[in-house]
Amino acid sequence: MSAKGVGEAEASVTEVVTYIFGRYPHCARRAGLHEYDARLPQPGPRSPAGLTRLRTAVLGGLKSLPGTADPGLRADLDAALKFLEAERFEVEHLGWDHPAPPEQFAEVDVSVYLRGPYAPVAERMDAVGRHLEAVPEFLHQAREGLGTTMAAGARLRCLEQAAHRTAGLRGLTARLTADHPETDLNRVAAAAEPAAVACEEYTRAIAEVTPVGGVLGPELLGAYLRATEGVEQPVTDLLEEAREEVASLVKALDKVAAQVGADSRAEAYGLLADQVSDRPVVDSVRSAIEEVQEFWRREDIIPVSVTTPLEVVLAPAGASSVEVVFDVAGPLESVPQSHFLHVPDLRGDDPGSLRRQYLNDPMLAVVALHETFAGHYVHTEAGLQRPGVMRNCVRWSAGFPEGWSHYAEELAIEFGFADGRPRVRIAQLKSALEAAVRLLIYLSVHMRRWSFAEAVRQATALCLWSPDRAVREVLVTTAHLSTAMYALGKLRIRAWRRTLGDDVDRATLRDFHERLLQGGYAPLSTVWNHYLDTCPPNGTTANKPALSGFKG
């Protein structure tokens, strides 16, 4: 009976993963399943009946699962259920029956063929050519699902993404020629321009969509958080938490500004821009990563052993100007690949240069904490030690991954990373304040406590953003739940840690962090339930067998 129950549970997870990979083949390619190469989906509407059927299968799997089963399998079932509930909610309550433009642009992306040698160059270039040949018809069909309205921030972000995607396609052939001069690229060259033109046509269609506010209201907001992340707290409580967090961070920033002799937060931020290495940004990032890795090894409160190499490289042409992106190696790759950290090629000694504003040396230390040790890199590697395909290959939830990385920044400061280095403390607090303000904006606007204009005013005052940037931040933040999850996820992890009680020793704290990290890329409620499932009665860490890999 137990074996049968486990089998039914595994089958239901596999069915959901198969649905996701078929509906969003870019997820399968990113996971390392190259039988999905050059496969683009049919961009038709999502089926509520199909989602209900899958949900019923997962609930049956949960019901049949014996109590002694691997907690990882239970977590995979839980993550699959949350994914289906989120999709059903978007279709039934938000009217998002078609995949959003960012998902369509993700299907256009061909960088996965270039990131590692999973096959000979000629085979990968042939896959790129076949993929690009399918793009015009795919985007033509996708235009039919755009609808007539779109949240203003989502529309703005889509237009920005479209510009980057088109530029990347236009520069693709030259980039590949430089990297692989011996390879026949005729097929790629012939297909790249029509694909870029199709992106431009899709972009024009997005631009013609009417922008709307898209405010959810308190009840729908609470239901959306429950469906996507399993957050059960009343939204009024979440709003109060966000307000308190913002006030606390402003107070802390004012205090450290005074300590360094700055008369204001603006003057304190200016001190960061004064500290910029004259080395290339890639070299500076590598040095920052070495520093944070050594810090966590010394403190020994988070397991930071890693297996998959991490390569720091310049972002490709067409990438967003100041974004640092952690690119995860596919867990199902037949030929193991590295993770990549893409950093923008920012230069210039001008006081207003982007390098000085966003990737100065103190901020690079915070970036290294968030993206590598002990943020995304460590989280990814820890999850893969107890692999669950649903939780490691389907990276759709932002709550725990971004919340954890944001928590890691704060934890490093708590344990002395910035001692004697007030500028690093300023950089971390600046990062934390901006994340908390985004959460406050998201909740306040969707709960109808703030108008968009009031949110812009508050963002300008709290974060010292220019009016233009504040407008963009408010629009984009209110349209994307993920932007709010950095701070909300961190606040939830803080609350979980408080369950350990006071005067926690390092071994207990390390165990707490280790078991949280093993939850993988999953919604907040899934990670916490997995943590509780791995708490045996005697207080030691459970040692359960890993799940087998997914087979499509």
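Note that the structure is a prediction, hence the values are computed from the model and not measured.
The aromatic rings of F89 and Y224 sit parallel to each other, their planes meeting at less than 30°, with 60° as the upper class boundary. In this structure, W396 and F83 have perpendicular ring planes: the angle between them is above 60°, well past the 30° mark. Classification of the Y531-W528 ring pair by plane angle, with boundaries at 30° and 60°, yields parallel.
For R143 and Y202, the positive end is not near the middle of the six-membered ring at less than 6.0 Å and at most 45° from its axis.
Evaluation of the ring-ring contact (aromatic ring centres under 6.0 Å, His included) rule for H446 yields Y442 as partners, not counting sequence neighbours. With sequence neighbours excluded, no residue forms a salt bridge (Lys or Arg N to Asp or Glu O under 4.0 Å) with E92. Taking the ring-ring contact (aromatic ring centres under 6.0 Å, His included) definition, one finds that H339 meets it with F326, Y377, sequence neighbours left out.
With L359 as the partner, the side-chain contact (heavy atoms from CB on, under 4.5 Å) test is satisfied by one option alone out of L364, V276, V285, L354: L364.
Under 3.5 Å, the side chains of E402 and H370 contain a donor-acceptor pair of N or O atoms. S264 and Y269 share no donor-acceptor pair across their side chains, judged by distance under 3.5 Å alone.
Salt bridge E245/K490: present, at least one basic N to carboxylate O contact under 4.0 Å.
Side-chain atoms of T499 never come within 3.5 Å of backbone atoms of A495 as a donor-acceptor pair (strictly under, hydrogens ignored). For the pair R46 (side chain) and W96 (backbone), a donor-acceptor distance under 3.5 Å is present.
For G153 against H480, the heavy-atom pair with the smallest separation is O-CE1, 3.9 Å.
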